[in-house]
Amino acid sequence: MRQTAPAARGELPLVGHVARLAVDPLGFLERQRALGSVVVLRLMGRECYLINGAEAATQVLVTRQDCFDKGGPFMEAARQLVGNGVITCGAAEHRLQRPVMKPAFHRGRVAGYTQVMRSCVEETTRSWQDGRRLDVGAAMYRLAALVVARTLVSAPVGRQAAQVMGEALPELLRGLLRRMLIPAAWVHRLPTPANRRFDAARLRLDAAVRDVIAQYRQADQHKQDLLSQIIAGDEDTGRRPGDAEVRDQVMSVLAAGVETSASLLAWTFQLLSHHPDVQRRLWEEVDGELAEDPVAFEDLPRLTFTRRLLTEVLRLYPPTWLLSRIVVEPAEICGHVLPRGADVLISPYALHRDPAVFPDPGRLDPDRWLPERLTPAQRRSFLAFGAGRRRCMGEFYGMTETTVALASIARAWHLHPTRPGPVHPVPRFLLVPAEQPLVPHRRAPRAVQR
């Protein structure tokens, strides 16, 4: 039976629910679960449908995905940074772009990246000093930028662009969140300090990316990385992208490859510093499975606890805490008809903390991902990498990178908290931990009978 979707409480004149979202976006989204599968939000006069629950989200992203396309306030804000690349483009363009991008993330290609990833970890941690406070978030940004620059955009100028991306992202992500919550272009053209900082960061990044493209256009020696494949185009169709499209793909790769991996690793080390029992189990696994050898691709299938830990951190703090779509064909979702042109919002953060699916949802419990405990509802609710045709093609790349990094660092370092209490999430355009330094201490891997 068709139903009328209830509206979220706390709507204010003119701005709607923007104020509630701006003050406590994560808590506000979680509270809407009690109202049902579909809830109406209003953002500056713009009506959005918030999707709650695994079944409703599966219908939007998988079983009825043809009725929806990339769009809505989240995607519109993202396009202001990355343009119309593979992450943000519509379905028709995605069918053209995906075949060009996908080979770079093939399992065999990623296996070849593993040694490079490990060397980036070694280079990043070389400057760490025993007992000296460490900004772990900044360190993980540097690491992720190095990995992207040496695997996906490997010309020397690519390293500079990745570094600029790592430096500019925090300011850009704050600006994108403002643009998502306040979908009124004129507000963001005002000469406020925040808008000026955002514009300056974007101009700096655009200049770095233009330099990358110019160098690749002029030289023909970079044949193995992703950017070379993008510029070469699709051999089957003969389609070669112009500079604007290449720029958008470079931005997409830098944004996704740097921010998501850096956020996941920063969260993991912060949580480990407050969960000694989980950290002990991680040490037992890496010490026992790796012996004295550096982490290799062949080792990764044996690091089962390490992978479960990363998955659990992604459940608790998914970098992409909000997804948006636009309705292209009227669709009935859990008894609610969504009209053509409507905006749709899905919060992986809220779905991942549904107590009906994940008991004791705020607890760090890597063993909830053991095969014997994993339920169909958990599979459907876990959206850290999206779902359906638009599921992140870099998932295997990202999980390989973060597993190599976590195992390598955990073998050599013990990161201690600088103050008690949990680390709080900061909802920018992506979800990051509040800045809280850790203190690294060297550790010697213990010999474990294998």
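A donor-acceptor distance shorter than 3.5 angstrom exists from the side chain of H275 to the backbone of L271, with no hydrogens or angles considered. No donor-acceptor pair under 3.5 Å is formed between the side chain of D69 and the backbone N or O of I326. A donor-acceptor pair under 3.5 Å links the side-chain atoms of S324 to the main chain of M75, judged by distance alone. Of the possible donor and acceptor atoms, one in the side chain of Q378 sits under 3.5 Å from a partner among the backbone N and O of T375. Formation of a donor-acceptor pair under 3.5 Å by the E312 side chain with backbone atoms of D365 is found in this model. Using modelled atom types, one side-chain atom of Q65 and one backbone atom of R389 make a donor-acceptor pair closer than 3.5 Å. Between the D248 side chain and the N84 main chain, a donor and an acceptor come within less than 3.5 Å of each other.
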Pair V110-H106, side chain to side chain contact (heavy atoms under 4.5 Å, CB included): steps then yes or no
CA-CA 6 Å; V110 173; H106 185 271; over 6 Å; no

Check the pair N195 / T192 against side chain to side chain contact (heavy atoms under 4.5 Å, CB included), numbers first and verdict last.
CA-CA 5 Å; N195 286 343; T192 64; 3.2 Å; yes

M117 and Y397: CA distance, side-chain angles, deciding distance, side chain to side chain contact (heavy atoms under 4.5 Å, CB included) verdict
CA-CA 10 Å; M117 293 171 174; Y397 172 96; 3.8 Å; yes

Show your reasoning for whether side chain to side chain donor-acceptor pair (under 3.5 Å) applies to Y141 and E259.
CA-CA 7 Å; Y141 265 106; E259 174 66 25; 2.3 Å; yes

Under the salt bridge (Lys or Arg N to Asp or Glu O under 4.0 Å) criterion, do D299 and R302 qualify, and how do the steps go?
CA-CA 6 Å; D299 298 320; R302 300 197 307 276; 2.9 Å; yes

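Between R98 and E93 there is no salt bridge, since none of the side-chain N atoms of the basic residue sits less than 4.0 Å from a carboxylate O of the acidic one. For D243 and R217, the salt-bridge test passes: some basic side-chain N is under 4.0 Å from an acidic carboxylate O. Between R196 and D199, none of the side-chain N atoms (NZ, or NE/NH1/NH2) sits under 4.0 Å from a carboxylate O, so this pair counts as no salt bridge. Between E171 and R174, at least one side-chain nitrogen of the basic residue sits less than 4.0 Å from a carboxylate oxygen of the acidic one, meeting the salt-bridge criterion. We find that D206 and R247 are joined by a salt bridge, their nearest charged nitrogen and carboxylate oxygen being less than 4.0 Å apart. A salt bridge does not link R411 to D287: none of the charged nitrogens lies less than 4.0 Å from a carboxylate oxygen. Using a 4.0 Å cut-off between charged nitrogen and carboxylate oxygen, R150 and E123 count as a salt-bridge pair.
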Would you tabulate the side-chain donor-acceptor contacts of residues 380-387 under 3.5 Å, counting partners in other chains and residues two or more places apart, or write 'none'?
from : atom 1 : to   : atom 2 : distance (Å)
S381 : OG     : A377 : O      : 2.9

Can you list, pair by pair, the side-chain donor-acceptor contacts under 3.5 Å of residues 24-32, counting residues two or more places apart and other chains?
from : atom 1 : to  : atom 2 : distance (Å)
D24  : OD1    : G27 : N      : 3.1
E30  : OE1    : R33 : NH2    : 3.3
R31  : NH1    : G27 : O      : 3.4
Q32  : NE2    : F28 : O      : 2.8

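The shortest side-chain heavy-atom distance between P319 and L431 does not fall under the 4.5 Å cut-off. By the 4.5 Å heavy-atom criterion applied to side chains, I409 and F269 are counted as neighbours. Contact of the R308 side chain with the R281 side chain is registered, since non-hydrogen atoms from C-beta on lie closer than 4.5 Å. Proximity of L415 to L272: side-chain heavy atoms (C-beta onward) are nowhere separated by under 4.5 Å. Residues L43 and V15 are not in side-chain contact: their nearest non-hydrogen atoms beyond the backbone lie 4.5 Å or more apart. You'll find the side chain of Q80 stays beyond 4.5 Å of the side chain of E76, heavy atoms only. Looking only at side-chain heavy atoms (C-beta outward), T311 and P366 stay at 4.5 Å or farther from each other. Residues R443 and W283 form a side-chain contact, since some pair of their non-hydrogen atoms from C-beta on lies under 4.5 Å apart.
Minimum interatomic distance between M399 and R307 (heavy atoms only, all atoms of both residues): CB-NH1, 3.6 Å. Closest approach of R325 and R390 over heavy atoms only: NH2-CB, 4.1 Å. The nearest pair of heavy atoms linking L303 to A407 is CD1-CB, 3.9 Å. Listed here is the closest heavy atom pair of A104 and Y113: O-OH, 3.3 Å. The two residues F68 and V60 make their nearest non-hydrogen contact at CD1-O, 3.6 Å.
Evaluation of the ring-ring contact (aromatic ring centres under 6.0 Å, His included) test over residues 182-209, restricted to residues two or more places apart or in two chains, returns none. Listed by first and then second residue, the side chain to side chain donor-acceptor pair (under 3.5 Å) pairs involving residues 124-140 are D130-H441 (not counting sequence neighbours). For residues 262-273, no residue pair satisfies the side chain to side chain donor-acceptor pair (under 3.5 Å) rule, not counting sequence neighbours.
For the atom pair E285 CD and L290 CG, the distance stands at 8.0 Å (nearest 0.5 Å). Summarising the geometry, atom CZ belonging to R428 is positioned 11.0 Å from atom CZ belonging to R178; distances are rounded to the nearest 0.5 Å. Once rounded to the nearest 0.5 Å, the distance linking CG of L374 with CG of D367 reads 12.5 Å.
Annotation: Q115, atom CD; neighbour count of heavy atoms from other residues, nucleotides and ligands within 6.0 Å does not exceed 12. Counting non-hydrogen atoms of neighbouring residues, nucleotides and ligands closer than 6.0 angstrom, the CZ atom of R391 exceeds 12 such neighbours. For R20, the CZ atom is loosely surrounded, since the number of other residues' heavy atoms within 6.0 Å does not exceed 12.
Figure legend: cation-pi geometry between R315 and F358, with NZ or CZ positioned under 6.0 Å from the six-membered ring centre and within 45° of its axis. A cation-pi arrangement is present between R353 and Y317, with the terminal nitrogen or guanidinium carbon under 6.0 Å from the aromatic centre and inside a 45° cone about the axis.
With sequence neighbours excluded, the residues that form a side-chain contact (heavy atoms from CB on, under 4.5 Å) with A56 are S37, I51, I333, C334.
Counted by atom type alone, H414 and Q279 present one or more donor-acceptor pairs between their side chains at under 3.5 Å.
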